[in-house]
Structure formats: structure tokens, C-alpha cells
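Working notes, beginning with the structure itself.
Sequence positions, counted from 1, serve as the residue numbers for this chain.
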Amino acid sequence: SAPRSLVPAQRPAAWTAMGCASSRTPEERRAAARSRELEREAAREHFAEQSRIKLLLLGAGESGKSTLFKQMKMLYGQGFSDADRRTGKAQIIANVVNAAKALVTAGAERGADYASISDHVDAVAAFEWDDADEFDEEIASHVAALWAHAEAQRIWALRGEYMDALAVQDNNKVLLDKVEEIGAEDYLPTDEDMLQSRQKTTGIIEQAYVIEGITFVMLDVGGQRNERKKWIHCFDAVNALIFVAALSDYDQVLYEDAKQNRMVESLVLFDDMCNSRYFERTDVILFLNKRDIFAEKVARKDIAEVPEFSDYPGAPNSSEGGAAYFRDKFLGLNRTGKQVYSHVTCATDTDNVNHVFGDCRKIILNANLKASGLGGMEGA
């Protein structure tokens, strides 16, 4: 018979593996199982992070960033709860009281003839409050009488020149128009009222929304100069930068610096952010906001009348020409070679924000797909 092989028989690989496994101590087996679970958890977290779209809202103070943030809550979140509205009521009353007091102060400084409504003016000037319930029908009637007076309307029209930028916001007009309703005992803010109210953003506010199966994480940060040092903490892994600038700011100055034009400040800030090394591979979307207030303002004060924008070449008192002029100024600052998308918006108009954000969502998702090597979406 044939001689037997002198090469030792090879055990199946499975036997070897089983032999090794069986030789492990219980502690080693538990450690290996834990290691595999940690690897799976890390993989899940990586997948979840890759499927999240991080949007960063930036812009100077009073540009309307926070109003856009509220719109997202209405459109894609849970909307405003009763608790939100109760908190909002106090802020709305603060907006109304501050605006009314500013009308009194600016009127005194500018020689407004308030003689026929002196009782109302005195009541507004003297009013102090610690609780929202103290703003009642009586004080609301005093504010309404002041607001209806022609001299108060004259001062309001010149608010960019005369009035404290913090005390008076453009959106306060809507609230002042309905001040007697706000003074009613059973008043609870509507969605529109919540959008029109203004509170300075401090710190970083983050909110996540699931839209058509995709998680969008939006971050809103304070726009005043003393808040901007916090911005860098938000720069990591941003998919899109949404920069908000208020068109209506062309003739106003900063609260922090009465010598600096607000629109100039926005242009400087956009230059820094658009060309920043932190956003080399980040889509940039420009929202030219407050188109409604801009149209109203430019009808009475031409852009070329403002020294910083005396080079305005368009038709006088044209909101369309003005919007195009400022868009070109912003886009002309882009030195990166990448495309910057721009939209003219009204943050308090829900339909407009819904439409614009729908377009932006397509742009962002398309860029994200291309970055992952999967190509883009049709029509995006």
C-alpha cells in the first residue's frame, strides 16, 4: 500500500478558532464582546452624523435670524406651545413699552408737539412694570393714543436717525398697531405676534427637525459684536452657512457703535465668513431679509442719500433696484470661486420662508450627495 504522508494532518480552521475561543477566560470574552459593541455603536453614530445636515445661521444683530429660527419651529417643529406664548407675551409687552417710551424720548429731543396728548405721553413715560399683567387696558389706551398721533408717526418714520436701536425694532409697528388687543386681560399671542416679537439672542440655540426623513440641525447665535467670539464653537462640520442681512438696515447704525452703518457692518461680516478657511468646503446661502420694510423705507429715502451708498446707480426709490444693488455688493465679496446662492426674503412671511427654504434644502442636499460621491439630484 502507499506510504502514509509524513506531513502532519492540518486541523480545520474552525477547530483552531474554536480552540482559541475556548481558551479565553470569561473576562476576555466579555471584553471582546464589549469591544465589538463599541465598534457597532461608533458605526451607528458615524452613520447618524453623516445623515445630519448642520445649518448655521449667522449675521449681524437685528438681521432677522431669530425670526427665521421661529419660522422653522412653526413649519417643521411642534409650533408654539402655550408656555411659549406666555413667555412671548411678556416679550411682546416689553417690545411695545420700549417702543412707546422711545417715541416719547425722541419726541422730546426733536421738538415733537405732543401738547394735545400730554396726559397720554406722561402716562407712558411714567409706566413701570415687573409683571406682564400690569400692562392692562388703561396703559394700552395711552400707548394707542400716542401711536395714533401724527407727531409720533413722524418720529417713527425717522427712527433710523433718532431712536435707540435696541429699544425700537422695525417689527414693533405691527405690535403697536394692535396694542389695545395686547392690553386685553385674556390676550395670548398669535403665531404672527410671536414672529413679530424681538428678543436679543445670547449664546447658541440649537434645534433639530426631521424633514422628509433627513435630520436638519439649525444653530442660531447672537449677532451683536460681543456675541461673535462664541461663533467659532459652531464652525465644526457645518454643511451650509446661511448668512442673513437686513436690506432695511441701509440707513441705520449699530446699537454697539453709533458711528457704524448696519449694512456696512453686515458686508464686513459677510466678507469675513464667506472667505473664512473654516468654510472653504461649505455652501453659503445669502438671505437679504426684511424686503417688506425695505420697500416701505426706500420709497421715502433713496439709497443714494446715505453717504456710505452714494454710488447707488439704480432708479431712485426702487426696492427692486436697491435689492439688486446690495446683492451685487455682497456677492462681489466672494473670493473663493464657489457659488454663493442668494434669496430676497421676508422672515415674518411664512409662505415665503417655506418656499425659500425648500429651494435651499435642495441645494444643500445636492451638495451633500456630491461630497459623498453619490452625485446630485435631478433638477437641483
Quick check for you: to the nearest 0.5 Å, what is the distance between [X] atom [atom1] and [Y] atom [atom2]?
X	Y	atom1	atom2	value
Thr348	Met194	OG1	CE	14.5 Å
Ser66	Leu195	OG	CG	11.5 Å
Leu68	Cys346	CG	SG	9.5 Å
Gln260	Glu265	CD	CD	5.0 Å
Leu219	Lys65	CG	NZ	12.0 Å
Leu176	Leu103	CG	CG	7.0 Å

Quick check: closest heavy atoms across [X] and [Y], and the distance to 0.1 Å?
X	Y	answer
Ala100	Val143	CB-CG1, 4.0 Å
Ile139	Ala123	CD1-O, 3.9 Å
Ala347	Val353	O-CG2, 3.7 Å
Val340	Cys274	CG2-SG, 4.0 Å
Ala125	Lys101	O-NZ, 2.9 Å
Leu175	Ser197	CD1-CA, 4.3 Å

Quick test of your reading: applying ring-ring contact (aromatic ring centres under 6.0 Å, His included), list the pairs with at least one residue in residues 52-106, sequence neighbours left out, ordered by first then second residue.
Tyr76-Phe357

Treating [X] as the side-chain partner and [Y] as the backbone partner, does any N or O pair qualify as donor plus acceptor under 3.5 Å?
X	Y	value
Ser35	Ala31	no
Lys54	Ala240	no
Gln153	Trp147	yes
Asn98	Ala94	yes
Ser318	Ala315	no
Glu181	Lys178	no
Asp193	Val174	no
Asp249	Met263	no
Asn95	Asn172	no
Lys290	Ala295	no

Identify, with sequence neighbours excluded, every residue that meets salt bridge (charged side-chain N to carboxylate O under 4.0 Å, His left out) alongside Glu27.
Arg30

Listed partners of Glu212 passing salt bridge (charged side-chain N to carboxylate O under 4.0 Å, His left out), at least two apart:
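For Glu212, the residues satisfying salt bridge (charged side-chain N to carboxylate O under 4.0 Å, His left out) (neighbours in sequence not counted) are Arg361.
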
Could you note down all residue pairs passing salt bridge (Lys or Arg N to Asp or Glu O under 4.0 Å) where residues 77-98 supplies at least one of them, sequence neighbours left out?
Lys73-Asp84, Arg85-Asp191

I need the full list of salt bridge (Lys or Arg N to Asp or Glu O under 4.0 Å) pairs touching residues 315-326, with sequence neighbours left out, sorted by first then second residue.
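Matches after skipping sequence neighbours: none remain.
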
Arg154 with Glu151: basic N within carboxylate O range, under 4.0 Å
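Looking at Glu151 together with Arg154, the answer is yes, because their closest N to O distance falls below 4.0 Å.
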
Does the side chain of [X] reach to within under 4.5 Å of the side chain of [Y], using non-hydrogen atoms?
X	Y	answer
Leu333	Leu267	yes
Ile242	Leu56	no
Val244	Leu57	yes
Arg327	Leu288	yes
Phe216	Leu55	yes
Val264	Phe309	yes
Glu280	Thr336	no
Asn334	Asn275	yes

Let me know which of Asn354, Thr350, Asp349 forms a side chain to side chain donor-acceptor pair (under 3.5 Å) with Gln71.
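Result for side chain to side chain donor-acceptor pair (under 3.5 Å) with Gln71: Thr350.
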
Check the pair Val253 / Lys259 against side chain to side chain contact (heavy atoms under 4.5 Å, CB included), numbers first and verdict last.
CA-CA 7 Å; Val253 296; Lys259 295 181 180 179; over 6 Å; no

Quick one: list whatever passes side chain to side chain contact (heavy atoms under 4.5 Å, CB included) with Glu296, sequence neighbours left out.
Arg300

Please list all pairs passing the side chain to side chain donor-acceptor pair (under 3.5 Å) test where one or both residues lie in residues 338-347, with sequence neighbours left out.
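Every side chain to side chain donor-acceptor pair (under 3.5 Å) pair that includes a residue of residues 338-347, provided the two are not neighbours, is Asn289-Thr345.
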
Qualifying side chain to side chain donor-acceptor pair (under 3.5 Å) pairs with a residue from residues 119-130, counting only residues at least two apart or across chains:
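Only His120-His142 qualify under side chain to side chain donor-acceptor pair (under 3.5 Å).
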
Could you pull out all residues at least two apart from [X] that satisfy ring-ring contact (aromatic ring centres under 6.0 Å, His included)?
X	answer
Tyr209	none
Tyr187	none
Tyr312	Tyr325
Phe294	Tyr250

Run the side chain to side chain contact (heavy atoms under 4.5 Å, CB included) check on Glu137 and Glu185 step by step: do they pass?
CA-CA 8 Å; Glu137 293 180 1; Glu185 185 176 352; 5.5 Å; no

Stepwise side chain to side chain donor-acceptor pair (under 3.5 Å) test for Gln252 and Lys297:
CA-CA 11 Å; Gln252 293 180 258; Lys297 182 183 285 188; 2.9 Å; yes

